[in-house]
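What follows is one structure encoded as structure tokens, with my remarks underneath.
The first residue in the sequence is number 1, and the count goes up from there.
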Amino acid sequence: MKMTKLAALAFLTAIGTAASADMQIADIRAFETAPTAMAGGGFMQITNTGTTDDRLVAVEADFPRVELHSHDFDSEGIARMIHLEDGIAVPAGETVTLEPGGLHVMFMGLRGSPLVAGETVDATLIFEEAGPVPVTFDIVKRDMQHGHGHSEGHNH
């Protein structure tokens, strides 16, 4: 039984997903960045298959800073990023989507080391209950269709 579980995990990881006992992570990606960019965004879908509410409290990766962010719009309709110091709630039995224009991981301090399409970023998601879950972000070209219809994330 253990071998089957490991084989399934290896297969899932190979197609841009990862899993722990109660967390399934899918569509793990980051957009390529310009050579001068100081930060890049990471996105994914997190499904809590367990019976206990959990919280993504941190992401660890080889960057000077990695933070969990959300977008908020001020009274003039201008988008601002908000650092989510308390993390992101992932209720039992639900899926939380990190996507452009919404919740996302922010890789900060790129300093001339851009995210390049075709490469990957290894990271570890840290959950309050589920603990660490290793993931690999696939770096993809910025595709205007990738936002699943959320055009507000593309008004730069």
Report task. Just jot down the side chain to side chain contact (heavy atoms under 4.5 Å, CB included) partners of Asp86, sequence neighbours excluded, or say none. Result -> Arg55

Query - Point-to-point distance, once rounded to the nearest 0.5 Å, from CD1 of Ile46 to CD1 of Ile28 - result: 9.0 Å

Query - Closest heavy-atom pair and its distance - Arg29, Met44 - result: NH1-N, 4.3 Å

Requested in this report: Please report the closest heavy-atom contact between Val57 and Glu128, naming both atoms and the distance.
Outcome: CG1-OE2, 4.0 Å

Query raised in the report: Do side-chain atoms of Asp54 reach the backbone of Ala130 as a donor and acceptor pair under 3.5 angstrom?
Result: yes

Query raised in the report: Looking only at heavy atoms, what is the nearest atom pair of Glu32 and Arg142, with distance?
Result: OE2-N, 3.7 Å

Report task. Looking only at non-hydrogen atoms, find the nearest pair between Ala58 and Leu68 and report the distance. Result -> N-CD1, 4.0 Å

Query raised in the report: Do you know which two heavy atoms are closest between Val96 and Pro91, and how far apart they sit?
Result: CG2-CD, 4.2 Å

Query raised in the report: How many angstroms lie between atom CZ of Phe127 and atom CD1 of Ile25, to the nearest 0.5 angstrom?
Result: 4.0 Å

Query - Approximate separation, where rounding is to 0.5 Å, of Gln45 CD and Glu99 CD - result: 8.5 Å

**Report entry** Cluster check Ile126, Met23: I/L/V/M/F/W/Y, side chain < 4.5 angstrom
**Finding:** no

Report task. Considering non-hydrogen atoms only, spot the tightest contact between His83 and His69 and give its length. Result -> CA-CD2, 3.6 Å

Query raised in the report: Nearest 0.5 Å, what's the CD1-CG distance between Ile78 and Asp72?
Result: 12.0 Å

Query raised in the report: Once you round to the nearest 0.5 Å, how far does OG1 of Thr95 lie from CG of Asn48?
Result: 9.0 Å

Query raised in the report: How long is the gap from CG on Asp27 to CG on Asp138, to the nearest 0.5 Å?
Result: 9.0 Å

Requested in this report: Please name all residues satisfying salt bridge (Lys or Arg N to Asp or Glu O under 4.0 Å) with Glu67, sequence neighbours left out, ordered by chain then number.
Outcome: Arg65

Per-pair distances, 0.1 Å, donor-acceptor, side chain in residues 100-125, under 3.5 Å, sequence neighbours excluded:
residue : atom : partner : partner atom : Å
His104  : ND1  : Gly102  : O            : 2.9
Asp122  : OD1  : Thr136  : OG1          : 2.9

**Report entry** Phe43 and Phe31, any side-chain heavy atoms less than 4.5 Å apart
**Finding:** yes

